[in-house]
Every structure is written in structure tokens, then in C-alpha cells.
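First up is the structure itself, then whatever we jot down about it.
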Protein chains: 2
Amino acid sequence: MLTTTDARLAMDRFRQYLEREGLSWTGPRRTIALLALSARDHFTAQELYEWSRRRDASIGRVTVYRTLALLVSSGLVAERDFVRDRKHYEPISGRPHHEHMICVSCKRIIEFINDEIERLQEIVAKEHGFEIVHHIHKLFGYCSRCRKARARRA
Amino acid sequence: MLTTTDARLAMDRFRQYLEREGLSWTGPRRTIALLALSARDHFTAQELYEWSRRRDASIGRVTVYRTLALLVSSGLVAERDFVRDRKHYEPISGRPHHEHMICVSCKRIIEFINDEIERLQEIVAKEHGFEIVHHIHKLFGYCSRCRKARARRA
DNA sequence: TTCCGTGCAAATGATTTGCAGGACT
DNA sequence: AGTCCTGCAAATCATTTGCACGGAA
């Protein structure tokens, strides 16, 4: 989980990034970046838009998308393809490596990590003379809540 | 890889499925289903549409989408969320399960399978009350060939 | 005066839905 | 008559782009 301190540090880095790129540290960008960088979980552009609106009703959806693009370029936020119909984002700093389970029914995302799997995939790669740079391991299915709902219906 | 025999068997099963549902075994459906069920790899609706068009120029894009939905309902074709902007499909029967290593340098794709990883991910899912429907495990990095080329250059 | 930042409206692209003409029962 | 099938056009929905105004250097 991202602490306020982490978010503050990330904000500084974002400001520096904008400066390096000759871009401005504006009100809307500050609002949007703060919310994105202090998110404690994955979020969608729509969610970030709603949070930003609550702080400043004049902020447009497009500015959210554009600021999100800048946050991704700066390396402070990662763009993830969890589901087909919308992008997900997550702040990068301070978060340990993890994989994802995605509920195909309610779209809920559960994080997991298993050192043994990480170790085994390194071994498999080595057997093929393959050197891993990064990897994706996603499990799609039904979360406990939706699984119970389905069982009840059946 | 799907053999012609596999495709033929799957076609029979699809015809039976339609019959059970009180639906018809029409020309467009026959064309589209044959192409989908004999695909040797993942494909998109657009690709299936193009293949179908080559066989019968009168087939509409919508019919491809609708037939694909029937194929998925019948359980003969799986719908996959590999990327965000379009759905992927693959015939279910005949192909053994496998994962992919993708060489970021030469784009070569190496298939692999590791039963121990499969088993561990089931255990992890169970710990979270999660029921896996399908999963993606992709390793990105350098294949043996490109790794050697890089070592030589370094 | 020349960028940059912004919101609005319109474009995009894959997919879905409304609708009307045909076909088969 | 009453379904089902189909293609076309239009609707959808998240995201992107065109445009014009306003502001800062």
C-alpha cells in the first residue's frame, strides 16, 4: 500500500519530469497526479476522472487521459491490460512485484505472489536458454463472491 | 495443431448443438464454423471475417460475430482477453495447453508447459477462493540465439 | 507572438443492437 | 402466421484527436 510519503515523493518526481520536458505544473495536473499516485490499488481512467471531479468540477475527462499518459511516460504509473474493454493503471513506486487474478464476472482484481512459481519459471526459461526480462501471469476466473452467487443460481 | 479430422468432428458437434437449440445449419454458419474450428492458432473476429469473405463474399461482418458467439456458447471455441482492443478466439479441441516465451529481440515464440507451475497456480487460486477459468503466463526476454548475439557484441 | 494546457465536440475502432426483407415451417 | 437468419445502418463505449480559446514566457 502506498503511503502519503510515497505519494509525495512520486509527486516531486513527476514535477521534475514535467520540468525536464518543458511542460507545466498546472492545477489540473497536480490534482490528477496526486490522486493517481496515492491510489492504493489499480484504477481506471473513469475512476480517476470521478475522483478528480470531486476535487475540481472543472476538470475534463480528456485532461485526465492526457495526464495519465504523462504519468505513464514518466515511469511513475504503469498501464495494464487486465481486461479487454478498459485500461487499468497503478502507481509503480513502493509496490512489491505481484501477479493478478481477474474476475471475469465482476472485474475485481486480486493480487498474488508465489516465490515458487517465480523460481520455476526461471528454471523453465533456463532450460530453453531463454533470459527473462519481464513476465505476465494472469489468472482469469470467478472470485469467491461471484463463485458463491453462481452456485446459488445453479 | 488441429487436424482436418478434429475440425470435422467439431463441426458435427456444432451442428448437433444448433439442432438442440432449435437453430439452423445454414450456409454462412457452415462456412464460418469450418474456418474457426480448423484454425491452428488464435484468431480475431476480423481475421475470421476476412477468411469467410474469401469463401463467400456475401457474408456480413455481423454474421461472423453472431456465429462466433454461438461457437463460444457451444463450448467449441474459447474467447480470450489477450490484448485490450480486440477479442481473440481459439478452437478448444485438439491443441494441448501451453504458455509462451516471447523474444523481445527477434519476436520468436517458444511454447512451454510446466505441470508444477500449473499445480501451484491452482493452489494459490484456491487460497483466495478463486476459480480459474483460463490463464495467461507469458515470459518476455531474449531467446538463446539472441542472447548469444548480445554476448558477442558486449 | 509563440508555445502550452484545456475543455468541448467529433472521430475512432471493435463490438452490439434495431430493423426490415427473406426463407423455411 | 410465426419463427429464424441475415445484412445494413445505427448505436455503444472507452479512448483519442481536432479545434479554438485562454494564459504564460
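Residue numbers start from 1 in every chain, and the chains themselves are labelled A, B, ... in the order their sequence lines are given, proteins ahead of strands.
The aromatic rings of A:Phe140 and B:His134 sit parallel to each other, their planes meeting at less than 30°, with 60° as the upper class boundary.
Here the OG atom belonging to B:Ser38 is positioned 10.5 Å from the CG atom belonging to B:Asp6, to the nearest 0.5 angstrom.
Taking every heavy atom of residues 47-60 of chain B and every atom of DNA chain C, no pair lies under 4.0 Å. Listed in residue order, the members of residues 16-29 of chain B having a heavy atom less than 4.0 Å from DNA chain D are B:Leu23, B:Ser24, B:Thr26, B:Pro28, B:Arg29.
Residue B:Arg80 forms a side-chain hydrogen bond (donor to acceptor under 3.5 Å, both in side chains) with just one option from B:His42, B:His88, B:Glu90, and that option is B:Glu90.
B:His100 is linked by a side chain to side chain donor-acceptor pair (under 3.5 Å) to B:His98, counting only residues two or more places apart in sequence or in another chain. The ring pair (Phe, Tyr, Trp, His ring centres under 6.0 Å) test applied to B:His128 returns no partner, not counting sequence neighbours. Residues that satisfy the side chain to side chain donor-acceptor pair (under 3.5 Å) test with A:Arg55, not counting sequence neighbours, are absent from this structure.
Side chains of A:His137 and B:Gln121: a donor on one and an acceptor on the other come within 3.5 Å.
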Point to revise | Summary of protein contacts for nucleotides 15-22 of chain D, nucleotide by nucleotide, where a base hit scores B, a sugar-phosphate-only hit scores S (4.0 Å, heavy atoms) | key: BBBB----

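For B:Glu19, the CD atom counts as loosely surrounded, since its 6.0 Å shell holds 12 or fewer non-hydrogen atoms of other residues, nucleotides or ligands.
Using a 4.5 Å cut-off on side-chain heavy atoms (C-beta onward), A:Trp25 and A:Met11 make contact.
Judged by a 6.0 Å distance limit and a 45° cone about the ring axis, A:Arg147 is not positioned over the six-membered ring of A:Tyr142.
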